[in-house]
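Scope of the values below: all heavy atoms of this structure, side chains included, with no hydrogens, waters or symmetry mates. All chains are named by letter (A, B, ...) in the order of the sequence lines, taking the proteins before the strands, and each is independently numbered beginning at 1.
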Number of protein chains: 2
Amino acid sequence: MPKTKKKNGNAVDLRQTILKTALILFTSKGYFNTSVHDIKRTADISIGAVYHHFKSKEEIAKAIYAEMLEVMTKSMDEIMVQYDSTQERAKAIMRMLFDWAETNPAEMEFMLHAKHKEFMPSAIPVCSSRPLAMMREVVQTGINNGEIREMDVTLAATCLFGGMFRMINLRLDGIFKEPLPPHLEMVWDCAWKGVAR
Amino acid sequence: MPKTKKKNGNAVDLRQTILKTALILFTSKGYFNTSVHDIKRTADISIGAVYHHFKSKEEIAKAIYAEMLEVMTKSMDEIMVQYDSTQERAKAIMRMLFDWAETNPAEMEFMLHAKHKEFMPSAIPVCSSRPLAMMREVVQTGINNGEIREMDVTLAATCLFGGMFRMINLRLDGIFKEPLPPHLEMVWDCAWKGVAR
DNA sequence: GTCTATATAGTGATAGAC
DNA sequence: GTCTATCACTATATAGAC
């Protein structure tokens with residue numbers, strides 16, 4: 001029975017433990033209200049372990065961000081393959097994000113609600129990220145093929161998805177008390193009516 | 001010629017200078033990236049002066065917040081008096097906020113974009129504030145009198161104003177490059193089509 | 001009411017034993 | 001690879017002179 005030095009039981013990948021713990025603290029208390037000592041304490045590990053896996057607190061946040069962006073991009077890609085029309089694609093995106101808000105609230109909070117610029121000045125803004133760009137592309141395609149009215153892409157994308165983003169924020173903040181997925185049809189209907197030709 | 005001890009020229013109301021300086025720094029660098037020494041330095045006053053007028057850094061933020069909430073409430077009240085229908089009222093609200101985003105970007109940024117809970121844990125959330133409540137009331141009235149489709153108020157309000165809020169955020173972040181007011185008609189049209197009966 | 005100087009506490013990060 | 005102990009620094013806030 002090989003001995004490792006950790007006092008924790010299952011520290012196969014301490015890295016993931018740190019990321020998970022940090023995410024929870026960052027989203028519940030905020031990045032700046034979370035010290036590395038908080039992370040260490042909550043994860044029940046030493047500060048040396050934290051700094052062995054990440055060179056700084058900011059790097060932890062950046063790792064969370066990058067991982068989440070990758071997952072989102074992958075899901076978007078699948079939607080693009082699975083559906084053809086802008087209407088179907090946009091609705092599938094909305095469904096996916098509503099679902100995630102329920103199943104991965106912390107991740108969603110961190111991606112959609114956090115002010116990344118303030119603690120990860122070097123990271124690319126969410127707005128310029130691949131997933132968001134894909135959403136605009138979906139809308140642009142819709143404008144080109146006549147599914148969506150002629151107008152500025154950014155404006156159209158914002159009108160189409162703005163209500164959804166805000167619903168998610170309200171939900172994550174605990175203002176909206178009910179799970180989002182059952183309201184998909186209604187929110188989608190309002191959004192699509194607004195921009196459809 | 002009466003002598004005062006300040007080294008600054010026009011420190012009639014140093015309090016306002018502090019608030020204005022703090023607002024700019026809070027919105028440009030973020031609350032946590034702004035130290036009281038930053039405020040002191042930028043406003044070219046002493047730290048003693050700051051702490052004479054405000055008992056803590058958080059109190060400065062709370063003062064900004066309260067002042068801004070009051071102004072917004074007042075403007076909302078005027079809109080309620082000036083217009084009768086939900087359609088007119090909601091559109092007037094949108095116009096007002098679009099205008100403010102251009103004329104008072106820092107104030108708007110602070111009100112709509114900042115994560116108040118993280119640095120003013122005791123302040124009431126924007127969502128529960130008077131102005132936001134009034135927006136929901138406008139929508140509720142619209143549902144009652146048939147201007148807006150039958151549905152959950154929060155949901156309707158979010159669908160109606162969600163696009164607008166997001167446009168403002170994009171604009172304040174510098175993602176959307178053009179002034180918002182000229183786009184009012186388009187955004188309003190999308191929003192209203194979505195929820196109108 | 002405004003100033004300078006300082007107390008106090010906690011932060012991000014490192015050193016070096018094991 | 002994980003630990004403990006500690007550094008260097010910066011932050012908020014206070015004390016007390018003027």
Side-chain angles (χ1 to χ4, degrees), chain A residues 1-23 25-26 28-65 114 116 118-123, chain B residues 1-23 25-26 28-64 116 118-123:
Chain A
M1 178 172 158
K3 271 287 183 211
T4 54
K5 231 185 213 157
K6 57 197 158 47
K7 71 180 177 193
N8 259 6
N10 58 340
V12 180
D13 42 4
L14 227 171
R15 191 191 141 91
Q16 284 301 318
T17 306
I18 294 167
L19 287 178
K20 191 147 184 89
T21 306
L23 172 63
L25 290 171
F26 288 168
S28 60
K29 317 197 320 172
Y31 177 86
F32 291 102
N33 291 323
T34 302
S35 71
V36 180
H37 292 274
D38 286 334
I39 299 172
K40 159 208 107 136
R41 198 180 315 120
T42 308
D44 195 26
I45 55 177
S46 73
I47 200 153
V50 176
Y51 279 98
H52 173 75
H53 289 280
F54 300 95
K55 81 171 223 270
S56 71
K57 180 182 164 187
E58 184 184 335
E59 288 298 320
I60 300 177
K62 280 161 87 168
I64 296 171
Y65 185 58
H116 306 122
E118 290 184 6
F119 55 90
M120 304 185 297
S122 63
Chain B
M1 178 171 157
K3 272 286 183 208
T4 55
K5 235 190 218 152
K6 59 199 155 48
K7 71 179 177 192
N8 259 10
N10 58 340
V12 181
D13 41 4
L14 226 171
R15 190 191 141 92
Q16 284 302 317
T17 305
I18 295 168
L19 287 178
K20 192 147 183 89
T21 307
L23 172 63
L25 290 171
F26 288 168
S28 59
K29 317 199 318 174
Y31 176 86
F32 291 102
N33 291 324
T34 302
S35 71
V36 180
H37 290 275
D38 287 334
I39 299 172
K40 157 208 111 137
R41 198 179 316 120
T42 308
D44 195 26
I45 55 177
S46 74
I47 200 158
V50 176
Y51 279 98
H52 173 76
H53 289 279
F54 300 94
K55 81 170 222 272
S56 71
K57 180 181 161 187
E58 184 183 336
E59 288 297 321
I60 300 177
K62 280 161 86 168
I64 297 171
H116 305 122
E118 290 185 7
F119 56 89
M120 304 184 298
S122 63

Among residues 49-62 of chain A, which residues get a heavy atom nearer than 4.0 Å to DNA chain D? A:A49, A:H52, A:H53

Kindly give the heavy-atom pair with the smallest separation between A:V50 and A:I45, and that separation in Å. CG2-CD1, 3.8 Å

Any residue meeting ring pair (Phe, Tyr, Trp, His ring centres under 6.0 Å) with B:Y31, in chain and number order, not counting sequence neighbours: B:F26, B:F119

Starting at CD1 of A:I47 and ending at C1' of D:dC7, how long is that distance when rounded to a whole Å? 12 Å

Any side-chain donor-acceptor pair under 3.5 Å between A:K57 and A:T34? no

Below 4.0 angstrom, which residues in residues 30-41 of chain B have at least one non-hydrogen atom near DNA chain C? none

Which residues pass the ring pair (Phe, Tyr, Trp, His ring centres under 6.0 Å) test with A:F54, sequence neighbours left out? none

Starting at CG of A:L14 and ending at P of D:dT2, how long is that distance when rounded to a whole Å? 5 Å

Can you sort out the partners of B:K20 under salt bridge (Lys or Arg N to Asp or Glu O under 4.0 Å), two or more places apart, ordered by chain and number? none

Partners meeting salt bridge (Lys or Arg N to Asp or Glu O under 4.0 Å) with B:K40 (sequence neighbours left out): none

Where do B:I18 and B:A49 come nearest, in terms of heavy atoms and distance? CD1-O, 4.2 Å

Whole Å only: how far is the CG atom of B:L25 from the C1' atom of D:dT12? 16 Å

List the atom of B:I39, the atom of B:T21, and the distance in Å for their closest heavy-atom pair. O-CG2, 3.9 Å

